[in-house]
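Written out below as structure tokens is the structure these notes cover.
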Amino acid sequence: MSDVFSVELENIVKRFGNVVAVDHVNLKIRENEFFSLLGPSGCGKTTTLRIIAGLEEPDEGVVRIYGEDVTDVPTHKRNIGMVFQHLALFPHMNVFENIAFGLKMRKVQKEEIKKRVKEILEIVKLEGLEYRRVNQLSGGQQQRVALARALVIEPEVLLLDEPLGALDLKIRQHMMVELKNIQRKVKTTFIYVTHDQTEAMTMSDRIAIMKDGKIQQVGTPLEIYYRPSNTFVASFIGEAVNLIEGEVVENGLVDTSLGTIHCAGSLTKGRVAVMVRPEMVEIGDKLYNVDNLFRGTVQSIIFKGSYIEYRVDVEGNTFVIHKHGSAELGRLHHLGDIVEIGWKKNSSIIIPI
Amino acid sequence: MGFSDTLLKHIRRNVTVKVSLLLIPPLLFLAIWFYAPFFIVGLYSFDMINIQREIVFKPSLIHYLRVLSWTGAMKIFLRSLYFAGVTVILCLLIGYPVAYYISFKMKKYKDLFIILFIIPFWVSFLLRTYAMMSILDERSFLNVLLTSLKLIDSPIRIMYTDTAVILVMVYDYLVMMVLPLYANLEKLDKTLLEAAYTLGASPVKTFLKITLPLSMPGIMAGFLLVFIPAVGEFVIPELVGGPNNYMVGNLIYEFFMGARHWWIGSALSMLFIVFILSLVITYVRKMGERGLAF
Ligand SMILES: Nc1ncnc2c1ncn2[C@@H]1O[C@H](COP(=O)(O)OP(=O)(O)OP(=O)(O)O)[C@@H](O)[C@H]1O
Ligand SMILES: [Mg+2]
């Protein structure tokens with residue numbers, strides 16, 4: 001992994017009236033990294049991205065691109081590319097003219113422009129559509145034009161603001177894979193803003209989780225999923241999560257209303273939450289080989305395709321359990337059944353609150 | 001879904017039919033008050049109405065030929081084009097920055113400024129023109145002020161010159177340029193400008209390559225809204241212009257009201273209308289081709 005940072009944000013603050021849209025954000029994004037900013041609506045992702053682009057001026061803090069302080073450099077002099085949420089393709093230009101725009105602004109020679117537009121059209125798979133008007137393209141095609149237009153100038157950083165938001169699920173899934181491939185091919189830092197965790201998880205090398213203008217955690221998708229640094233991240237990521245509050249009594253032992261729970265080791269002390277992902281919890285009539293075991297009543301059973309979601313009530317606490325595989329179908333539990341649920345201690349993670 | 005869709009379609013179809021019924025009264029109105037007189041003027045111009053006001057079916061181009069071979073009329077026609085052309089260009093040069101500033105640079109009070117801009121135009125056109133006359137006159141308070149401040153030696157004479165006609169026309173028609181431009185610029189997606197910046201375009205380049213081409217429909221609409229009435233203007237040259245500032249409108253007026261030669265007046269009017277019409281059609285075609293018609 002590269003030790004060169006393409007973008008560094010240092011103590012960035014941005015206020016809109018009383019709203020603190022970005023609150024002391026510090027980020028170091030590595031060269032050629034696919035980096036996502038993930039968070040709920042209104043958490044300040046777009047604002048952060050616009051600050052990197054120079055479209056918004058931070059009230060405090062420093063922006064660096066490849067080590068150079070660009071905080072006071074206007075957008076058109078920063079070597080960045082941006083794909084806007086609503087694409088912002090120039091309606092009075094055709095595909096070729098849209099893509100060539102940045103090169104023309106850089107006074108690249110005509111022949112060279114033709115060559116580079118052709119190359120980028122191949123990469124985004126839009127060959128042959130050069131002379132189409134942009135409003136005669138499908139949503140997915142427009143998406144690719146916007147991407148090509150931003151990439152053809154070979155920016156030091158490519159900023160993407162929810163570029164797949166407007167597409168339907170199938171095309172979106174396809175574009176996710178495509179985007180990742182394109183990123184590998186062009187070898188540029190991608191900073192990707194989204195509120196869709198699937199997108200972030202699928203494509204990113206690292207993800208920053210944001211909430212209320214603050215960075216909650218930065219890490220690889222695996223780290224974020226299995227080692228969330230707080231309960232917000234734990235519940236924001238993943239489809240569902242089981243959180244039980246308690247008090248650390250000893251390294252790896254947490255006292256809760258359900259009794260003592262055995263957890264993976266942690267240095268955290270005091271009041272904590274214990275997190276168990278639904279797919280880590282076993283369910284059965286009789287369980288062996290688990291470190292934590294409870295009895296409860298089946299409250300609901302939902303068939304979700306590749307897995308079944310059970311909700312089991314244990315002394316007033318509801319556990320969500322995802323059970324994969326068709327083998328289970330033979331001995332489905334029923335509503336109201338008394339079952340055993342349990343998990344290994346390494347599956348329960350201690351999270352500070 | 002299918003059912004409600006069909007239902008919606010059904011309603012929509014029936015509503016369109018009913019809405020088109022609403023078009024009948026205004027069309028009737030236009031037929032009586034515009035198309036019929038226009039038709040009569042046509043008859044006059046082709047010499048199909050005689051001096052006894054009877055219709056005679058012997059069309060002739062004699063009046064057209066007289067108008068077209070009369071250099072005086074052609075001169076006045078060209079002068080009208082020149083006056084209207086200068087007016088429309090000045091309106092654009094003044095109006096564009098105003099509309100641009102209000103639309104792009106103002107955050108609050110946009111509506112207020114647009115209304116402030118429109119208010120003078122709630123006053124009668126004639127009144128506004130008279131108000132302008134009181135400034136342009138040799139004994140106007142402006143001239144008095146400037147001479148007493150010793151900024152000028154003797155009062156400037158603007159009244160009864162080309163300058164006066166153009167100044168008053170610009171003043172009277174400016175709002176017709178500003179409003180369509182403003183509406184157009186307001187519609188312009190500002191993220192397009194941001195996109196241009198991220199692609200390395202300076203603010204000036206962005207204006208020339210993005211804002212200006214995308215505001216062409218507004219410019220053209222303003223152009224037509226100013227140019228068409230300006231070229232046919234006859235009150236302003238009558239009030240603030242001298243005998244050398246006659247425009248086509250004055251000439252037509254003279255033939256109908258002064259000389260009472262409706263045949264020449266009609267031929268002049270027809271030629272004039274055909275000219276304006278071809279201008280508009282060219283415009284609509286051109287904009288339509290580029291998909292930019294408003
Ligand atoms: N130009 C602005 N003026 C005033 N407030 C703004 C402006 N832009 C953003 N905000 C506020 O700043 C906060 C962060 O906005 P931002 O657009 O960065 O959120 P976001 O994370 O991109 O949300 P979304 O996922 O909905 O796009 C929000 O509370 C928003 O209302
Ligand atoms: Mg956003």
Side-chain angles (χ1 to χ4, degrees), chain A residues 16-17 46 49-50 52-56 73-94 97-108 113 132-136 142 145-161 163 191, chain B residues 1 5 92 96 99-100 103-110 180-223 283-294:
Chain A
F16 293 111
T46 297
L49 202 70
R50 289 172 59 84
I52 299 173
L55 295 170
E56 212 78 67
V73 176
T75 304
H76 67 277
K77 292 188 178 148
R78 297 185 188 189
N79 196 6
I80 50 132
M82 185 152 173
V83 179
F84 290 80
Q85 184 163 9
H86 299 291
L87 304 183
L89 295 178
F90 303 131
H92 57 305
M93 300 182 191
N94 62 27
E97 291 165 327
N98 261 280
I99 298 174
F101 186 83
L103 296 172
K104 278 192 190 134
M105 291 303 120
R106 283 167 174 71
K107 303 212 162 53
V108 177
I113 291 181
R132 278 276 186 93
R133 297 188 61 87
V134 291
N135 58 12
Q136 293 168 343
Q142 292 185 358
V145 175
L147 194 64
R149 184 178 70 172
L151 278 174
V152 77
I153 56 176
E154 296 176 358
E156 289 177 314
V157 186
L158 184 71
L159 309 171
L160 304 105
D161 190 359
I191 304 181
Chain B
M1 188 189 124
D5 265 10
L92 185 63
Y96 200 100
Y100 183 87
S103 175
F104 280 59
K105 304 289 173 189
M106 280 191 164
K107 298 223 163 68
K108 293 175 192 169
Y109 310 124
K110 278 186 175 183
L181 271 177
Y182 175 73
N184 175 274
L185 290 173
E186 275 291 287
K187 254 190 352 206
L188 196 148
D189 178 4
K190 310 289 189 282
T191 56
L192 292 180
L193 312 184
E194 295 187 336
Y197 300 148
T198 66
L199 292 166
S202 65
V204 173
K205 268 271 156 58
T206 302
F207 176 78
L208 293 175
K209 298 284 177 191
I210 310 293
T211 315
L212 197 57
L214 286 177
S215 52
M216 269 332 260
I219 293 177
M220 290 309 281
F223 180 90
Y283 158 74
V284 173
R285 281 249 178 88
K286 224 174 169 171
M287 288 291 120
E289 269 167 28
R290 298 169 50 188
L292 289 174
F294 48 149

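Just the heavy atoms: all of them, side chains too, but no hydrogens, waters or symmetry mates, feed the values below.
- Within 6.0 Å of atom NE2 in A:His76, more than 12 heavy atoms from other residues, nucleotides or ligands are found, so the atom counts as buried in its surroundings.
- Side chains of B:Thr211 and B:Tyr100: no donor on one and acceptor on the other come within 3.5 Å.
- Within the 4.5 angstrom heavy-atom criterion, only side-chain atoms of A:Arg50, from C-beta onward, approach chain B.
- Ranking A:Arg149, A:Lys77, A:Met82 against chain B, the residue ahead of the rest is A:Arg149, based on heavy-atom pairs under 4.5 Å.
- Interface remark: A:Ile80 contributes backbone and side-chain atoms alike to the contact with chain B (heavy atom separation under 4.5 Å).
- Residues A:Gln142 and A:Val145 are not in side-chain contact: their nearest non-hydrogen atoms beyond the backbone lie 4.5 Å or more apart.
- Residue A:Leu103: no heavy atom, backbone or side chain, is found under 4.5 Å from chain B.
- Ranked by non-hydrogen atom pairs under 4.5 Å with chain B, the options A:Ala53, A:Pro91, A:Gly81 are led by A:Pro91.
- A donor-acceptor pair is defined here as one N or O able to donate and one able to accept, closer than 3.5 Å; no such pair exists between the side chain of B:Lys107 and the backbone of B:Lys105.
- Contact tally against chain A (heavy-atom pairs below 4.5 Å) for B:Asp189, B:Thr191, B:Leu192: the top residue is B:Leu192.
- Distance alone, capped at 3.5 Å, is enough to place a donor-acceptor pair between the B:Ser202 side chain and the B:Lys205 backbone.
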